[in-house]
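None of the values given here were measured: they were computed from a predicted structure. One is the number of the first residue; the rest follow in order along the sequence.
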Amino acid sequence: QLELVASGGGLAQPGASLRISCVSNGFRLENHAIAWFRQAPGKEREGIACISSSSDNTVYAESVKGRFTISRDNAWSRVYLQIDSPKPEDTGDYYCGIKVGAARSTCGAPPDFGMDYWGKGTWVTVSS
C-alpha cells in the first residue's frame, strides 16, 4: 500500500534555511507529479509547490514563490522542499501528495495540483 512520509521539520529561526523531505514506502515515485502542502493551526490546507515527474515543470503558490524550492531525486524516490528565509507565518504541518490518476506525470492546477493521495506530515515551527 502506498505510504508517503515527510521528515526534516523542526524549529527554524526567521531567515534561516530548512530542507524537508518526502519519501515513499517502496512505491516508485518517478512517474508521478508530487506536490507539497501545508496546514497551519486553524487554517485550511494550502498547496504550495508541485513538480512534474521529470522535473521539467514546477508550480508555486504566490505565498512561497522566490523563497521555497521543490526538487526531486527519482533515483532515490525522494522529493524535497527547500525553505529559505522562513517567516513565522510559514509555521505548520507540511506533507506531500502524489498524483496517481489521469495525467499523473504533470502538475494540475492549484490549489490541489490534481493530487489524489496525501501522506503523513512533518511539523515546521518558525520562531525566534
Q: Distance from I48 atom CD1 to Y60 atom OH, nearest 0.5 Å?
A: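 I48 atom CD1 to Y60 atom OH measures 10.0 Å (nearest 0.5 Å).
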
Q: Using a cut-off of 6.0 Å, state whether more than 12 heavy atoms not belonging to E44 lie near its atom CD.
A: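 Check fails, neighbour count at 12 or below.
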
Q: Tell me which pairs pass salt bridge (charged side-chain N to carboxylate O under 4.0 Å, His left out) where either residue lies in residues 6-15, with sequence neighbours left out.
A: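 Those involving residues 6-15 do not exist here.
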
Q: Under the 3.5 angstrom rule, does the side chain of N57 hit a backbone N or O of S52 as a donor-acceptor pair?
A: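 Not at all, since once roles are kept as given, no pair shorter than 3.5 Å links the two residues.
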
Q: Partners of N74 by side-chain hydrogen bond (donor to acceptor under 3.5 Å, both in side chains), sequence neighbours excluded?
A: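 N74 satisfies side-chain hydrogen bond (donor to acceptor under 3.5 Å, both in side chains) with R72 once adjacent residues are dropped.
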
Q: Between atom OH of Y95 and atom CG of L4, what is the distance when rounded to the nearest 0.5 Å?
A: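 If I round to the nearest 0.5 Å, the distance is 12.0 Å.
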
Q: Checking S54 now: which residues fulfil side-chain hydrogen bond (donor to acceptor under 3.5 Å, both in side chains) with it, not counting sequence neighbours?
A: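 If we apply the side-chain hydrogen bond (donor to acceptor under 3.5 Å, both in side chains) test to S54, skipping adjacent residues, the hits are D56.
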
Q: With the 4.5 Å side-chain cut-off for hydrophobic clustering, are I20 and V64 part of the same group?
A: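 Both belong to a single hydrophobic cluster.
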
Q: Listed by chain and number, what are the side-chain contact (heavy atoms from CB on, under 4.5 Å) partners of D90, not counting sequence neighbours?
A: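 Once residues adjacent in sequence are excluded, the partners of D90 under the side-chain contact (heavy atoms from CB on, under 4.5 Å) criterion are R38, R67, F68, P86, K87, Y94, V126.
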
Q: Not counting sequence neighbours, list each pair that qualifies as a side chain to side chain donor-acceptor pair (under 3.5 Å) and has a residue in residues 5-25.
A: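 The answer is S17-D84.
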
Q: Is there any ring-ring contact (aromatic ring centres under 6.0 Å, His included) pair reaching into residues 7-36, and which pairs are they, with sequence neighbours excluded?
A: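 ring-ring contact (aromatic ring centres under 6.0 Å, His included) check on residues 7-36 returns F27-H32.
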
Q: Nearest 0.5 angstrom please: I34 CD1 to M115 CE, how far?
A: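 Rounded to the nearest 0.5 Å, the CD1-CE separation comes to 6.5 Å.
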
Q: Is there a path from V23 to W123 through hydrophobic residues (I, L, V, M, F, W, Y) whose side chains come within less than 4.5 Å of each other?
A: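 Each belongs to a different hydrophobic cluster.
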
Q: Going only through I, L, V, M, F, W and Y residues with side-chain contacts under 4.5 Å, is there a path from W118 to V79?
A: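 No: no chain of side-chain contacts under 4.5 Å links W118 to V79.
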
Q: Does D112 have any side-chain hydrogen bond (donor to acceptor under 3.5 Å, both in side chains) partners at least two apart in sequence or in another chain, and if so, which?
A: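 Result, side-chain hydrogen bond (donor to acceptor under 3.5 Å, both in side chains) vs D112: R45.
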
Q: Following the transitive rule for hydrophobic clusters with a side-chain heavy-atom cut-off under 4.5 Å over Ile, Leu, Val, Met, Phe, Trp and Tyr, establish whether I51 and F113 coincide in one cluster.
A: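 Shared cluster, no.
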
Q: To the closest 0.5 Å, what do you measure between CG (L2) and CG (L29)?
A: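 L2 CG to L29 CG: 7.5 Å, rounded to 0.5 Å.
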
Q: Among pairs that include at least one residue of residues 86-128, which meet disulfide (SG to SG under 2.5 Å), considering only residues two or more places apart or in two chains?
A: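 For residues 86-128, and leaving out neighbouring residues, the disulfide (SG to SG under 2.5 Å) pairs sorted by first residue read C22-C96, C50-C107.
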
Q: Identify, with sequence neighbours excluded, every residue that meets side-chain hydrogen bond (donor to acceptor under 3.5 Å, both in side chains) alongside W76.
A: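 Here no residue qualifies.
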
Q: Using salt bridge (charged side-chain N to carboxylate O under 4.0 Å, His left out) as the criterion, list what pairs up with E62, not counting sequence neighbours.
A: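 Listed in chain order: K65.
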
Q: Looking at OG of S53 and CD of E30, how far apart are the two atoms once the value is rounded to the nearest 0.5 Å?
A: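 Spacing of OG (S53) from CD (E30) equals 9.0 Å.
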
Q: Within the 4.5 Å heavy-atom criterion, are D93 and F37 side-chain neighbours or not?
A: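 Counting from C-beta outward, D93 and F37 never come under 4.5 Å.
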
Q: Between A12 and L18, which heavy-atom pair has the shortest distance, and what is it?
A: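 That closest heavy-atom pairing would be CB-CD2, 4.4 Å.
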
Q: Quick test of your reading: applying side chain to side chain donor-acceptor pair (under 3.5 Å), list the pairs with at least one residue in residues 99-110, sequence neighbours left out, ordered by first then second residue.
A: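 Those involving residues 99-110 do not exist here.
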
Q: For residues 119-128, which residue pairs qualify under salt bridge (charged side-chain N to carboxylate O under 4.0 Å, His left out), counting only residues two or more places apart or in two chains?
A: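 The answer is E3-K120.
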
